[in-house]
Amino acid sequence: MRKVRLIDDQRLARLMSVDAGQLIKEVNHQVGIDETNYYRWNNAYSAMEAAEITLIARLEEQNRRLQKILSNLSVDRRFRHGMIERHEEIRF
């Protein structure tokens with residue numbers, strides 16, 4: 001079975017179509033997922049609204065950016081610390 005990659009809004013739309021009366025098997029067939037994924041999505045997204053999912057997605061993206069910045073700063077700090085140590089060894 002092919003791997004399905006849907007964004008959170010699309011997943012929520014699929015869950016809402018089942019709430020509107022469409023059969024779970026029909027939705028799974030349209031999307032190309034198995035029943036396990038449907039119930040996983042249902043547990044994760046059923047209590048949320050579209051605005052909350054968008055907010056979570058933005059926060060996750062911001063978290064990724066901040067982690068990348070922190071990682072770059074950490075590497076830069078280690079590099080500078082190493083350069084200072086080498087400079088002191090050469091001087092003495």
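Model, not experiment: these values are computed from the prediction.
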The complete set of salt bridge (charged side-chain N to carboxylate O under 4.0 Å, His left out) pairs with one or both residues in residues 66-76, sequence neighbours excluded, reads Asp76-Arg80
Across all chains, not counting sequence neighbours, the salt bridge (charged side-chain N to carboxylate O under 4.0 Å, His left out) partners of Arg65 are none
dist Leu23:CG -> Gln30:CD (nearest 0.5 Å) comes out at 10.0 Å
Separation between CG (Asn63) and CD (Gln67), nearest 0.5 Å, reads 4.5 Å
Those residues at least two apart in sequence (or on a different chain) that pass salt bridge (charged side-chain N to carboxylate O under 4.0 Å, His left out) with Glu35 are none
Quick test of your reading of the model: are Arg64 and Glu61 salt-bridged, counting only N-O distances below 4.0 Å?
yes
